[in-house]
Amino acid sequence: MVVPSTTASPVTAAKQFACGAKGQKSCPMQGWMKSVLGPATSSGDPEKLAKALAYVATKPPPGMGEWVTISNDGVAKAKAGDIEGAKTSCKKCHDLYKDTYKRTLRDSPW
Ligand code: HEC
């Protein structure tokens, strides 16, 4: 069986978006992450962080099956006052989905 190469194929070439690159406005979710979730995290306010992560949990993109679970893990940690613990959900989701999201979905409404 021939395994199709996933590198440098025209089919997997990055989609072009009118947002997110240098000199462009932020993409919808990217802007929200920066203006809401980032500050909620650095505020050290567990309530704020839990609320923001709960919002993320309500917006799973198609095909990203762990999205809700990861977000809700973060909500639970934040609610327990464990901000550092909640931050592991940031990394988990970013490691798992950020690249794909940025390649395929980043102009979606948020
Ligand atoms: C369930 C998934 C998920 C969770 C949880 C999550 N993120 Fe994100 N985050 C993303 C995705 C997807 C992007 C990429 C959006 C884009 O660039 O279009 C992103 C982008 C970002 C960005 C913008 C980075 C840039 O280069 O512009 C910041 C800042 C960010 N996240 C912070 C956080 C923080 C802080 C947390 C945890 C408190 C967190 N995120 C939790 C999915 C998630």
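Both backbone and side-chain heavy atoms feed into the values below; hydrogens, waters and symmetry mates do not. Both counts, for ligands and for their atoms, begin at 1 and track the order of listing. As the structure is a prediction and not an experimental result, all values here were calculated from the model.
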Q) Heavy-atom contacts under 4.0 Å between W67 and ligand 1: side chain, backbone, both, or neither? A)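 Looking at W67 and ligand 1, atoms from backbone and side chain both fall under 4.0 Å.
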
Q | T88 side chain vs E84 backbone, donor-acceptor pair below 3.5 Å | A |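 Judged by distance alone, no pair lies under 3.5 Å.
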
**Q.** Y101 (side chain) donor-acceptor with P61 (main chain) under 3.5 angstrom
**A.**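 No, because the side chain of Y101 does not come within donor-acceptor range (under 3.5 Å) of the backbone of P61.
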
Q. For the atom pair SG (C27) and NZ (K34), what is the distance rounded to the nearest 0.5 Å?
A.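 Separation between the atoms: 9.0 Å.
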
Q | Considering all heavy atoms, the nearest G74-A86 contact | A |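 For G74 versus A86, the nearest heavy atoms are O-CB, 3.6 Å.
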
Q. Does ligand 1 have an atom that lies less than 4.0 angstrom from a heavy atom of G74?
A.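 Checking ligand 1 against G74, which is what was asked, there is no heavy-atom contact under 4.0 Å.
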
What protein heavy atom is closest to [atom], reported as residue, atom name and distance in Å?
{"atom": "atom 25 (C) of ligand 1", "answer": "Q30 NE2, 3.9 Å"}
{"atom": "atom 43 (C) of ligand 1", "answer": "M33 CE, 3.2 Å"}
{"atom": "atom 17 (O) of ligand 1", "answer": "R106 NH2, 2.8 Å"}
{"atom": "atom 14 (C) of ligand 1", "answer": "K98 CG, 3.5 Å"}

Are the side chains of [Y] and [X] in contact, using a 4.5 Å heavy-atom criterion?
{"X": "S89", "Y": "L53", "value": "yes"}
{"X": "M64", "Y": "T100", "value": "yes"}
{"X": "L49", "Y": "L37", "value": "yes"}

Q) Does NZ belonging to K91 count more than 12 external heavy atoms closer than 6.0 Å? A)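 Open.
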
Quick one: which ligand 1 atoms are inside 4.0 Å of a heavy atom on [X]?
{"X": "L49", "value": "38 (C)"}
{"X": "C90", "value": "34 (C), 35 (C), 36 (C), 37 (C), 38 (C), 39 (C), 41 (C)"}
{"X": "V56", "value": "1 (C)"}
{"X": "C93", "value": "1 (C), 2 (C), 3 (C), 4 (C), 5 (C), 42 (C), 43 (C)"}
{"X": "T41", "value": "35 (C), 38 (C)"}
{"X": "S89", "value": "5 (C)"}

Q) If hydrogens are left out, which of K34, H94, K87 has an atom nearest to atom 32 (C) of ligand 1, that is, the closest non-hydrogen atom? A)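 Going through K34, H94, K87 one by one, H94 has the nearest heavy atom to atom 32 (C) of ligand 1.
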
Q: Look at the rings of W110 and Y55 and say which category their plane angle falls in: under 30° parallel, 30 to 60° tilted, over 60° perpendicular.
A: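 Because their plane-to-plane angle is over 60°, the rings of W110 and Y55 count as perpendicular.
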
